[in-house]
Amino acid sequence: MPAIDNRPSWDAYFMEIAALVARRSTCLRRGVGAVIVKNRRILATGYNGAPSGIAHCVEKGCLRETMQIESGQRHELCRGIHAEQNAIIQAAYHGVSIQGGILYCTNLPCSICTKMIINAGIHELCYNEGYADELAAALLDETQIRLRQVSLAEKTG
């Protein structure tokens, strides 16, 4: 039986799950995973990829890469749905309220996802790595959403 001090903290636990979810991504540029949690219970997960029944970028190629679009720009020119969007959609599809929840994500969200997170009532956003979207940062600055960086290297707590 493992020693109790080897247990990951809750933050590390949920961020590691987000990283595992990201492995399902079909994006050719960046695999992202998201987990929505409330009261230390997982409510929904999501990864970035094409909508159900639509060919993925790994099959069709990346339009954004072909057009040489920089990261953080022109999000609408993509076959995929972002991880955060998929997690929010999954919760809605199954009738699960995420209001007051915490979103763990492998990356900071883009401005489109940020707007959805705000309106979904998420009260805390934990991320592992940053993302180049100045509008997302400006929007988050105007909210009461708690923003925290959580390292995947964190193990105990």
Side-chain angles (χ1 to χ4, degrees), residues 8-52 54 57 62-65 67-154 157:
S9 68
W10 286 108
D11 281 341
Y13 175 71
F14 292 125
M15 192 57 75
E16 288 178 22
I17 292 171
L20 178 62
V21 171
R23 291 175 49 196
R24 291 282 308 154
S25 170
T26 58
C27 179
L28 296 170
R29 284 183 146 190
R30 178 193 322 256
V32 179
V35 176
I36 302 175
V37 175
K38 193 171 182 180
N39 299 321
R40 296 185 176 164
R41 301 292 182 256
I42 296 172
L43 302 178
T45 65
Y47 55 87
N48 52 334
S52 297
I54 304 296
C57 298
C62 178
L63 177 61
R64 294 170 53 80
E65 198 66 35
M67 297 176 73
Q68 298 179 343
I69 297 170
E70 290 184 41
S71 183
Q73 304 294 315
R74 305 290 314 269
H75 302 290
E76 74 279 7
L77 296 177
C78 179
R79 298 182 68 76
I81 299 173
H82 289 185
E84 306 93 322
Q85 294 169 352
N86 269 326
I88 291 168
I89 291 166
Q90 183 184 83
Y93 186 87
H94 293 288
V96 176
S97 173
I98 57 175
Q99 183 177 10
I102 301 171
L103 189 140
Y104 287 84
C105 194
T106 55
N107 291 87
L108 268 172
C110 72
S111 56
I112 295 169
C113 291
T114 296
K115 291 182 268 187
M116 291 178 70
I117 289 164
I118 293 166
N119 277 2
I122 296 293
H123 80 92
E124 187 170 353
L125 176 57
C126 300
Y127 68 96
N128 181 45
E129 296 178 357
Y131 185 68
D133 190 327
E134 293 177 16
L135 178 56
L139 292 169
L140 285 168
D141 282 345
E142 293 184 44
T143 71
Q144 298 297 313
I145 295 174
R146 183 176 179 205
L147 186 64
R148 293 188 300 122
Q149 187 168 17
V150 174
S151 171
L152 280 167
E154 179 189 348

Exercise: identify the closest heavy-atom pair between Ile88 and Ala120: CD1-CB, 4.4 Å
Side-chain donor or acceptor of Thr106 paired with backbone N/O of Gly33 under 3.5 Å: yes
Minimum heavy-atom distance between Gln90 and Leu43, given as atom pair plus value: OE1-O, 4.4 Å
Parallel, tilted or perpendicular: rings of Tyr13 and Trp10 (30°, 60°): perpendicular
Candidate pair Met116 and Glu84, rule side chain to side chain contact (heavy atoms under 4.5 Å, CB included), full reasoning: CA-CA 9 Å; Met116 291 178 70; Glu84 306 93 322; over 6 Å; no
Exam field: side chain Gln149 to backbone Asn128, donor-acceptor pair closer than 3.5 Å: yes
Backbone N/O of Val32 and side chain of Asn48: donor-acceptor pair under 3.5 Å: yes
Shortest non-hydrogen contact from Gly130 toward Arg30: O-NH1, 4.4 Å
Ile89 side, atom CD1; Ser52 side, atom OG - distance, nearest 0.5 Å: 9.5 Å
Heavy-atom pair with the smallest gap, counting every atom of Ala87 and Ala44: O-CB, 3.4 Å
Heavy-atom side-chain proximity of Lys38 to Ile98 below 4.5 angstrom: no
4.5 Å side-chain heavy-atom contact, Leu108 and Asp133: no
Value rounded to 0.5 Å, distance of OG1 in Thr26 from CD1 in Ile54: 12.0 Å
Check: Ile112 and His82 side chains under 4.5 Å, non-hydrogen atoms: no
Shortest non-hydrogen contact from Gly46 toward Val21: O-CG1, 3.2 Å
Atom pair CG/CD1 of Leu125 and Ile36 - distance to nearest 0.5 Å: 10.5 Å
CD1 on Ile118 to CG on Leu139, rounded to 0.5 Å: 5.0 Å
Asp141 atom CG, neighbour heavy-atom count above 12 within 6.0 Å: yes
Sub-4.5 Å side-chain heavy-atom contact between Tyr131 and Cys110: yes
By salt bridge (Lys or Arg N to Asp or Glu O under 4.0 Å) - contacts of Arg146 (at least two apart): Glu124
Minimum heavy-atom distance between Tyr47 and Asn86, given as atom pair plus value: O-ND2, 2.8 Å
Heavy-atom side-chain contact between Cys126 and Met15 under 4.5 Å: yes
Note, Arg148 side chain near Asp11 side chain (heavy atom, < 4.5 Å): yes
